Asker: 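Questions regarding the structure given below will be posed in turn.
Because the structure is predicted, anything quoted here is derived from the model rather than measured. No hydrogens, no waters, no symmetry mates; every other heavy atom, side chains included, goes into these values. Residue numbers start from 1 in every chain, and the chains themselves are labelled A, B, ... in the order their sequence lines are given, proteins ahead of strands.
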There are 2 protein chains.
Amino acid sequence: MTQTQQARKGITTSEMIAAAELENVSVEIIKQGLVDGTIVIPKNINHSFEARAIGKGLKTKINANIGTSEIRCNFQEELEKLEHTVKYGADSIMDLSTAGDLSLIRKKLIDASSIMIGTVPIYAVAAELIRNNKEFSEMTEESLFDEIELQARQGVDFITVHCGITKATVKVLEQSPRLLGVVSRGGSLLVDWIKSTGKENPLYKEYDKLLDICEEYDVTLSLGDGLRPGSLHDASDKAQVSELLVLGQLVQRAQKRGVQVMVEGPGHVPLDQVEMNVHMQKRICNGAPFYVLGPIVTDIAPGYDHITGAIGGAIAAAAGADFLCYVTPAEHLCLPDKDDVKQGIIASRIAAHSGDIAKGLKNARDIDDKMSASRKKLNWEDMFKYAIDPETAKQRKKDTQQDDEDYCSMCGNLCAIKIHNKSSS
Amino acid sequence: MTQTQQARKGITTSEMIAAAELENVSVEIIKQGLVDGTIVIPKNINHSFEARAIGKGLKTKINANIGTSEIRCNFQEELEKLEHTVKYGADSIMDLSTAGDLSLIRKKLIDASSIMIGTVPIYAVAAELIRNNKEFSEMTEESLFDEIELQARQGVDFITVHCGITKATVKVLEQSPRLLGVVSRGGSLLVDWIKSTGKENPLYKEYDKLLDICEEYDVTLSLGDGLRPGSLHDASDKAQVSELLVLGQLVQRAQKRGVQVMVEGPGHVPLDQVEMNVHMQKRICNGAPFYVLGPIVTDIAPGYDHITGAIGGAIAAAAGADFLCYVTPAEHLCLPDKDDVKQGIIASRIAAHSGDIAKGLKNARDIDDKMSASRKKLNWEDMFKYAIDPETAKQRKKDTQQDDEDYCSMCGNLCAIKIHNKSSS
C-alpha cells in the first residue's frame with residue numbers, strides 16, 4: 001500500500017513518524033495531508049532511507065539535479081556530487097544521467113543516497129534509441145513502460161512523467177506565439193513523438209498503467225510540465241495553462257487511486273507572475289504539492305542563474321510552492337560541476353528558508369533570531385554555527401581576522417554593534 | 001540652483017537631457033519628476049560626469065559601497081574597486097572609507113569617478129576623533145557641519161545624514177524589544193552622542209543649515225535610516241517607523257526648498273514585509289525616491305548575502321524602490337574585496353532588472369527577449385552579448401566546449417531546443 005492508502009486506512013507508518021519528527025509537527029498533520037493529497041512522502045518500498053514529506057504546512061524542500069551527459073560522463077564525479085548534495089542540505093536528488101550504463105549508475109546512486117531520489121525515465125529510453133542510431137519517433141509504448149517499471153523496481157522514489165503533453169495541448173502549443181517553443185527535454189521528445197507518429201502520448205493514454213506501477217512500488221508521480229515556458233516572454237501562456245489543466249485532471253485520478261502525486265511548474269517567470277502561478281496550480285491541481293524549477297525571473301543572467309532562481313524560488317515558496325528544484329550557476333551554459341552543485345543548493349536553501357519565514361511557518365525564524373542574538377554579542381563561533389554554510393563564513397572571516405576577535409575588517413572600531421552596546425550599557 | 005529649482009523655473013539642464021537619454025524617456029518626464037520630488041539627479045556642481053536620474057518610472061539604479069577600513073587600508077585597492085564598479089555596471093559608489101587620509105582618498109575617488117559618488121560625512125568626523133583618542137561624545141556640532149561643507153565643496157553628489165535620530169526616536173528605540181539595537185554606524189554614533197550629551201541631534205536641530213549647504217552645491221540629501229532593523233526580528237518595528245515619520249517631515253522641508261532628497265530604507269526584512277516597507281515609505285515621504293540596503297530576507301546566510309539581498313532587492317524594486325544598495329558576499333564577515341564588489345554588483349543588477357520587468361517598465365524585457373531568441377537559434381555569440389556578465393558566461397561555456405558548438409555539455413544531443421527545432425521544421 002502507498003503512504004496515502006495507509007493514511008486513509010488510519011495506519012501510521014514509520015515514514016509518517018520520521019517525516020513528522022523532521023518537521024516538528026504531529027504525525028496527524030502528515031497523515032491528514034496524505035489523505036487530502038496536499039502532502040506526499042516520496043519513498044519507494046525498495047529504497048531504504050529516512051523519509052521526508054513534501055507539501056502544505058511543511059518546510060519547503062529542495063532538489064538537486066545531478067547526472068552524466070554525453071560530454072561529461074564520469075560516474076565518480078556524480079557520486080561526489082551526491083555527497084555534496086547531502087552535505088549541503090538538499091532534500092532530494094534527481095538522477096538525470098543520459099550517458100554511461102544508466103541502469104547501473106541509477107542503482108548505485110539509489111544505494112548510496114540517504115535522501116529521496118527522482119528520475120525522468122524517458123531520458124533512458126531516448127538515450128538507448130540514440131545509442132542504436134534510431135529516431136525517437138521509433139520509441140515503442142512498451143519500451144517506455146518497461147523502463148518505468150524497471151526504475152520503480154530499482155527503488156526510484158519519484159518520477160517525472162510528462163503526461164500532460166497530448167495531441168490537444170500540442171495543438172495549443174502550435175498556436176502559441178512563443179519565443180522558445182519547448183525547453184523541457186522530456187517534453188520536446190514527446191511532442192516530437194506525437195507529431196511523428198500521429199499517436200496519443202502513451203503516458204496520458206495509458207495513465208492507469210502508470211498508476212499501477214506507482215501503486216505497486218509507492219513511487220510518487222511528479223507530473224512534469226513539458227510545455228513550461230523557456231523565456232519570460234512565454235510565461236503563463238495558453239500552452240502552459242492548457243497542460244496544467246490536463247495535469248489537474250490526472251492529479252484527481254491519482255489521488256482517487258491513492259497514488260502519491262505532485263505537480264511540476266515553471267521555469268522562466270517574471271517576478272510579478274510567480275505568485276499567480278503558484279495559486280493557479282494549487283487551485284487547478286486540488287492542492288497537490290507544487291514542485292517548481294527555479295523559477296528564474298530574468299533570462300539575461302547565465303552564470304548567475306542560481307541567483308535568478310533564488311529570487312523566483314523565494315517568492316514561490318512564500319506563496320506556497322512546496323518543493324524547489326535548484327538552479328546552478330552552470331544553467332544554460334554547461335553541466336554543473338561539484339561547486340555548481342554546492343552553490344545551487346545553498347541558493348535554493350536560502351530561497352526555501354526565506355519563503356518559510358514569509359509564509360509564517362512555525363519557528364522558521366528561530367535560527368535567524370539565534371544568529372541575531374549572536375551578532376549582538378559579537379559571538380563569532382555561534383554566528384558560524386547558525387550560518388547556512390559555516391565553512392565558507394568561517395573562511396572569509398579568518399582570511400581577514402586580527403588578534404582582537406570582537407570586530408571584523410569591515411568596520412573595525414567603527415562597529416555599530418560595539419558602539420551601541422557601549423552606549424546602552 | 002539645484003536641478004529641482006531649475007526644473008521648477010522651467011529650465012532644461014544638460015543633466016536632465018543626459019538623464020532622459022539614458023532612460024529613453026522624454027526630458028519632460030525627468031523635469032516633472034524633479035518638480036514633484038519623485039525624481040532626483042544627484043550631481044554636485046563640482047563633480048563632472050554624465051548625470052543619471054533616480055526615481056519614479058525610471059530604471060532601478062544600484063549603488064556599490066567601497067572604502068578603506070582600519071584593518072584594510074589600501075588606496076590602490078579602492079581605486080581598482082572603483083574601476084570594477086564602473087565595469088560591472090553600478091550607477092553610483094559610496095566612499096565609506098574610515099582609514100587613511102580620508103579627504104585625499106575622497107578627492108581622488110571623486111576625480112576618478114564617472115558615476116555618482118556618495119558619502120556618510122559623520123564617518124570622517126568619527127575617524128578623526130578616534131585618531132585623536134577622543135570619545136565620539138566630544139564631537140562638536142561645528143565639526144560636523146564643517147565636514148559636510150568640505151565634502152560638498154569637494155564634489156560629493158549625495159550624502160547620507162541620519163537626521164531622523166532624535167531625542168524622541170531614541171526614546172522609542174529604548175522601548176523597542178530589539179534583538180539588535182542599532183546596526184547603522186552613523187546611527188549608532190548619533191544615538192551615543194545624544195545619550196552622552198543630552199543634546200538634540202544637530203542634523204535634525206540645524207536641518208536648515210544642512211539644506212543651505214546642499215542647496216549651494218546641489219548635493220542630494222539621502223536621509224539615512226539610522227534605526228533600520230539589523231535582524232528580521234526587528235523589522236518594521238516602532239523605532240523604525242518613528243524615524244521614518246521624522247524623515248517624512250524632513251523630506252517635505254527639503255522639497256519645499258528645492259533641495260533634492262531621497263530616503264534610505266532597510267536592511268533586514270522578511271520577504272512578506274518588503275513590499276509593505278516600500279509602500280509605507282512612498283506614502284509617508286511624499287513619493288521621494290527610496291534607496292534600500294538589500295534588503296536581505298534571512299539572517300542566516302553570511303557569505304551569501306548578495307543572494308539574500310538580491311531576493312529582497314528584486315521584490316523591493318518591483319514594488320517601487322528606486323535605488324538598491326548592493327550587498328556583497330563579504331557582508332557581516334569582512335571588508336569586500338574586488339571580487340566581492342563584482343559579485344555584489346551583478347546580484348544587485350539582477351535584482352534591479354527583474355524588478356524593472358515586474359513593475360512594467362517600458363522595454364525592460366526587450367533584452368530578455370533578445371536572449372531568448374538567441375537561445376532558440378542556439379546562437380552562442382549573441383547569448384554572450386546579451387548576458388549580464390558576458391565574460392563569465394563565455395568562460396563557463398568555453399571550459400566545457402566541444403568542436404560542435406550548437407549544443408552544450410548539459411544536454412548534448414538531448415537538447416530540448418534542438419529536438420523541438422527539428423520537429424517544428
Asker: Between B:Pro390, B:Ala358, B:Gly187, B:Gly303, which has the largest tally of heavy atom pairs under 4.5 Å with chain A?
Answerer: B:Ala358
Asker: Look at B:Val183, B:Leu414, B:Ile357 and state which one has the largest set of heavy-atom pairs under 4.5 Å with chain A.
Answerer: B:Leu414
Asker: In sequence, state the C-alpha distance, the side-chain angles, and the governing distance for A:Ser424 and B:Lys195, and then conclude on side-chain contact (heavy atoms from CB on, under 4.5 Å).
Answerer: CA-CA 9 Å; A:Ser424 305; B:Lys195 288 168 79 170; 4.0 Å; yes
Asker: Taking side chain as everything from C-beta outward and backbone as N, CA, C, O, which of these in A:Asp366 sits under 4.5 Å from a heavy atom of chain B? Side chain, backbone, both or neither.
Answerer: neither
Asker: With only heavy atoms counted, which part of B:His233 is less than 4.5 Å from chain A, the side chain, the backbone, both or neither?
Answerer: both
Asker: Is it true that B:Asp234 and B:Ser231 share a donor-acceptor pair across their side chains at a distance under 3.5 Å?
Answerer: yes
Asker: Against chain A, label B:Ile296 side chain, backbone, both or neither, depending on which of its atoms sit under 4.5 Å from a heavy atom there.
Answerer: neither
Asker: What part of A:Ile130 gets closer than 4.5 Å to chain B, counting heavy atoms only: side chain, backbone, both or neither?
Answerer: side chain
Asker: How are the rings of B:Trp380 and B:Phe384 set relative to one another: parallel (under 30°), tilted (30 to 60°) or perpendicular (over 60°)?
Answerer: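 Ring orientation, 0 to 90° scale: tilted.
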Asker: Going by atom types only, do A:His353 and A:Asp368 share a side-chain donor-acceptor pair under 3.5 Å?
Answerer: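 Their side chains do contain a donor-acceptor pair, which is all the 3.5 Å distance test asks for.
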Asker: Between A:Asp192 and B:His420, does any side-chain donor sit less than 3.5 Å from a side-chain acceptor?
Answerer: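 No pair is found: no donor N or O on one side chain lies under 3.5 Å from an acceptor on the other.
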Asker: Do A:Ser188 and B:Lys422 have side-chain N/O donor and acceptor atoms under 3.5 Å apart?
Answerer: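 No pair is found: no donor N or O on one side chain lies under 3.5 Å from an acceptor on the other.
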Asker: Given heavy-atom pairs under 4.5 angstrom as the criterion, report whether the side chain, backbone, both or neither of B:Leu190 touches chain A.
Answerer: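 When you check distances to chain A, no heavy atom of B:Leu190 falls under 4.5 Å.
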Asker: Identify which part of B:Thr68 has an atom lying under 4.5 Å from any heavy atom of chain A, answering side chain, backbone, both or neither.
Answerer: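 No part of it gets close to chain A.
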Asker: Does the side-chain contact (heavy atoms from CB on, under 4.5 Å) test come out yes or no for B:Ile350 and A:Ile311, once each step is laid out?
Answerer: CA-CA 9 Å; B:Ile350 288 171; A:Ile311 296 171; 3.8 Å; yes
Asker: Quick check on the interface: out of A:Lys376, A:Arg178, A:His306, who has the most heavy-atom pairs with chain B under 4.5 Å?
Answerer: A:Lys376
Asker: Identify which part of B:His332 has an atom lying under 4.5 Å from any heavy atom of chain A, answering side chain, backbone, both or neither.
Answerer: both
Asker: Who among A:Cys334, A:Ser137, A:Ser372 has the most heavy-atom pairs with chain B under 4.5 Å?
Answerer: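 Counting heavy-atom pairs under 4.5 Å, the top option is A:Cys334.
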Asker: Which bit of B:Asn421 comes within less than 4.5 Å of chain A, counting heavy atoms only: side chain, backbone, both or neither?
Answerer: neither
Asker: Below 4.5 Å from any heavy atom of chain B, which atoms of A:Ala387 appear? Answer side chain, backbone, both or neither.
Answerer: both
Asker: Measure A:Arg365 against the heavy atoms of chain B and call it side chain, backbone, both or neither at under 4.5 Å.
Answerer: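 Contact with chain B involves the side chain of A:Arg365 alone.
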Asker: Within the distance-only criterion (no hydrogens, no angle test), does the side chain of A:Thr308 pair as donor or acceptor with the backbone N or O of A:Asp305 below 3.5 angstrom?
Answerer: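 Checked: pair present.
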Asker: In terms of heavy-atom proximity below 4.5 Å to chain A, should B:Ala314 be classed as side chain, backbone, both, or neither?
Answerer: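 For B:Ala314, the contact with chain A is made by backbone and side chain together.
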Asker: Do you see a donor-acceptor pair shorter than 3.5 Å between the side chains of B:Tyr88 and B:Asp389?
Answerer: no
Asker: Look at A:Lys370, A:Met371, A:His268 and state which one has the largest set of heavy-atom pairs under 4.5 Å with chain B.
Answerer: A:Met371
Asker: Could you tell me whether the side chains of A:Lys342 and A:Thr392 share a donor-acceptor contact shorter than 3.5 Å?
Answerer: yes
Asker: Mind ranking A:Val274, A:Leu179, A:Val182, A:Ile388 by heavy-atom pairs under 4.5 Å with chain B and telling me who comes out on top?
Answerer: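 The residue among A:Val274, A:Leu179, A:Val182, A:Ile388 with the greatest pair count is A:Val182.
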Asker: Heavy-atom pairs under 4.5 Å with chain B are the metric here; pick the option from A:Leu189, A:Val191, A:Thr98 that has the most.
Answerer: A:Leu189
Asker: Say whether, by atom type as modelled, one donor and one acceptor occur between the side chain of B:Thr298 and the main chain of B:Ile300 under 3.5 angstrom.
Answerer: yes
Asker: If you count heavy-atom pairs within less than 4.5 Å of chain B, which of A:Ile419, A:Asp272, A:Asp299 leads?
Answerer: A:Asp299
Asker: Report which part of B:Ala310 has an atom under 4.5 Å of a heavy atom belonging to chain A: side chain, backbone, both, or neither.
Answerer: both
Asker: Among residues at least two apart in sequence or on other chains, which ones pass salt bridge (charged side-chain N to carboxylate O under 4.0 Å, His left out) with B:Arg375?
Answerer: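 Scan of B:Arg375 (salt bridge (charged side-chain N to carboxylate O under 4.0 Å, His left out), adjacent residues dropped) gives none.
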Asker: Can you tell which part of B:Glu135 gets under 4.5 Å to a heavy atom of chain A, answering side chain, backbone, both or neither?
Answerer: side chain
Asker: Please classify the contact between B:Ser354 and chain A as side chain, backbone, both or neither, with a heavy-atom cut-off of under 4.5 Å.
Answerer: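 Both backbone and side chain of B:Ser354 come within 4.5 Å of chain A.
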Asker: Tell me, for A:Ala126 versus chain B, whether the close heavy atoms (under 4.5 Å) come from the side chain, the backbone, both or neither.
Answerer: side chain
Asker: For B:Gln343, which atoms come within 4.5 Å of any heavy atom of chain A: side chain, backbone, both, or neither?
Answerer: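 The answer is the side chain of B:Gln343.
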Asker: Heavy-atom pairs under 4.5 Å with chain A - which of B:Gln273, B:Glu174, B:Lys359, B:Glu331 has more of them than the others?
Answerer: B:Glu331
Asker: Checking salt bridge (Lys or Arg N to Asp or Glu O under 4.0 Å) for the pair A:Arg349/A:Asp356: CA distance, chi angles, key distance, verdict?
Answerer: CA-CA 10 Å; A:Arg349 282 184 58 204; A:Asp356 285 346; over 6 Å; no
Asker: Please find the pair of heavy atoms, one from B:Pro329 and one from A:Arg396, that lie closest to each other, and give the distance.
Answerer: CB-NH1, 4.3 Å
Asker: Identify, with sequence neighbours excluded, every residue that meets side-chain contact (heavy atoms from CB on, under 4.5 Å) alongside A:Val120.
Answerer: A:Met94, A:Leu96, A:Ile122, A:Tyr123, A:Thr160, A:His162
Asker: Taking B:Ala330's backbone N and O only, do any of them form a donor-acceptor pair with B:Thr328's side chain (distance below 3.5 Å, no angle check)?
Answerer: yes
Asker: Can you tell which part of A:Ile346 gets under 4.5 Å to a heavy atom of chain B, answering side chain, backbone, both or neither?
Answerer: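 Looking at A:Ile346, just its side chain touches chain B.
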Asker: Given heavy-atom pairs under 4.5 angstrom as the criterion, report whether the side chain, backbone, both or neither of B:Tyr386 touches chain A.
Answerer: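 Only the backbone of B:Tyr386 comes within 4.5 Å of chain A.
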